[in-house]
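Both backbone and side-chain heavy atoms feed into the values below; hydrogens, waters and symmetry mates do not.
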Amino acid sequence: QVQLVESGGGLVQAGGSLRLSCTASGRSVSNYAMGWFRQAPGKEREFVAAIRWSGSWPYYTDSVKGRFTISRDDAANTVYLQMNSLRPEDTAVYYCAADRDCFTTSSQAMAEVPLNALDAWGQGTLVTVSS
């Protein structure tokens, strides 16, 4: 069973940057697609980015393209989300997720499957962007 722990959230001014990390334990996630989701106050959880293996083509939601970069280090069992040019509307709790089925299909699949179908979730880390 995979356990995920996110870190790196915090308070940042608009235009600033943050790097989120998600470290897995319990087993290797080298054959899991890894993704980031976020949930703003009063809104539903939404997909942000996903990647299948290091060097594979990632998939992003349109609102973060060109600003966020997802990457992974399988030796460290960790996935990252580099967030640049942050905006107040990026304020949310950011969650990491892992899924084996999406590893065999596509990164885009993590944006399309029901949230409760994903194999594992972290507890989230809060990102607050001030204007």
Side-chain angles (χ1 to χ4, degrees):
Q1 191 169 358
V2 176
Q3 292 85 41
L4 303 173
V5 177
E6 302 95 336
S7 61
L11 174 63
V12 63
Q13 288 189 332
S17 298
L18 280 176
R19 188 194 196 202
L20 305 183
S21 299
C22 170
T23 299
S25 61
R27 63 175 297 162
S28 170
V29 291
S30 61
N31 59 346
Y32 284 72
M34 301 297 294
W36 288 94
F37 294 74
R38 65 186 180 186
Q39 187 166 15
K43 295 188 177 181
E44 294 186 349
R45 194 171 300 187
E46 65 174 0
F47 171 82
V48 175
I51 188 169
R52 287 201 286 168
W53 59 84
S54 182
S56 67
W57 196 259
Y59 183 75
Y60 299 95
T61 191
D62 286 346
S63 62
V64 308
K65 286 179 181 177
R67 300 189 298 123
F68 291 10
T69 302
I70 187 171
S71 61
R72 61 188 295 166
D73 181 351
D74 287 336
N77 235 20
T78 298
V79 63
Y80 305 97
L81 187 68
Q82 177 66 44
M83 305 186 295
N84 299 329
S85 302
L86 282 161
R87 305 167 180 168
E89 55 264 39
D90 294 318
T91 294
V93 177
Y94 283 72
Y95 297 90
C96 174
D99 192 79
R100 288 195 67 175
D101 287 343
C102 291
F103 183 84
T104 63
T105 54
S106 69
S107 297
Q108 185 173 346
M110 286 199 83
E112 298 171 349
V113 300
L115 298 181
N116 59 7
L118 299 176
D119 290 334
W121 287 92
Q123 84 292 344
T125 185
L126 177 62
V127 172
T128 303
V129 185
S130 63
S131 57

Report the distance from atom CD of E89 to atom OG of S63, rounding to the nearest 0.5 Å. 8.5 Å
For a 4.5 angstrom cut-off between non-hydrogen side-chain atoms, does T61 reach E46? no
Output for pair (R52 CZ, C102 SG), nearest 0.5 Å, gives 9.5 Å
Contacts of C22 that satisfy disulfide (SG to SG under 2.5 Å) - sequence neighbours left out: C96
Residue of the set L118, I51, D101 for which side chain to side chain contact (heavy atoms under 4.5 Å, CB included) holds with M110: L118
What closest approach, in Å, do Q123 and L4 show between heavy atoms, and which atom pair accounts for it? OE1-O, 3.6 Å
Residue pair T23, T78: steps toward the side chain to side chain donor-acceptor pair (under 3.5 Å) verdict: CA-CA 4 Å; T23 299; T78 298; 3.1 Å; yes
Which distance, rounded to the nearest 0.5 Å, do you find between the OG of S21 and the CD of Q82? 9.5 Å
Which distance, rounded to the nearest 0.5 Å, do you find between the CG of D99 and the OG1 of T105? 7.5 Å
Between OH on residue Y59 and CD1 on residue I70, distance to nearest 0.5 Å: 13.0 Å
Side chains of R38 and V127: does their closest heavy-atom pair fall under 4.5 Å? no
Does the pair S28 and N77 meet the rule for a side-chain contact (heavy atoms from CB on, under 4.5 Å), with working shown? CA-CA 6 Å; S28 170; N77 235 20; 4.0 Å; yes
Please list every donor-acceptor pair under 3.5 Å in which a side-chain atom of residues 9-17 meets a protein atom from a residue at least two apart or in another chain.
unit_1: S17; atom_1: OG; unit_2: N84; atom_2: OD1; d: 2.9

So do the side chains of L20 and E6 get within less than 4.5 Å of each other, counting heavy atoms only? no
From M83 atom CE to W36 atom CH2, the distance as rounded to the nearest 0.5 Å: 8.0 Å
If a pair satisfies ring pair (Phe, Tyr, Trp, His ring centres under 6.0 Å) and one of its residues is in residues 93-114, list it, with sequence neighbours excluded. W53-F103
Any side-chain heavy atom of Q1 sitting closer than 4.5 Å to one from R27? no
Quick note, salt bridge (Lys or Arg N to Asp or Glu O under 4.0 Å) partners involving residues 55-70, not counting sequence neighbours, are D62-K65, R67-D90
Report yes if some heavy atom in the side chain of F68 is under 4.5 Å from a heavy atom in the side chain of L18; otherwise report no. no
Identify whether Y80 and F47 are in the same connected component of the hydrophobic contact network (ILVMFWY, side-chain heavy atoms under 4.5 Å). no
For the student: nearest non-hydrogen atoms of L81 and A49, plus distance: CD1-CB, 4.3 Å
Hits for ring pair (Phe, Tyr, Trp, His ring centres under 6.0 Å) against Y60, two or more places apart or cross-chain, chain-then-number order -> none
Restricting to pairs with a member in residues 111-131, which pass ring pair (Phe, Tyr, Trp, His ring centres under 6.0 Å), not counting sequence neighbours? F37-W121
Is the backbone N or O of V129 less than 3.5 Å from a side-chain atom of T91, with the two atoms forming a donor-acceptor pair by type? yes
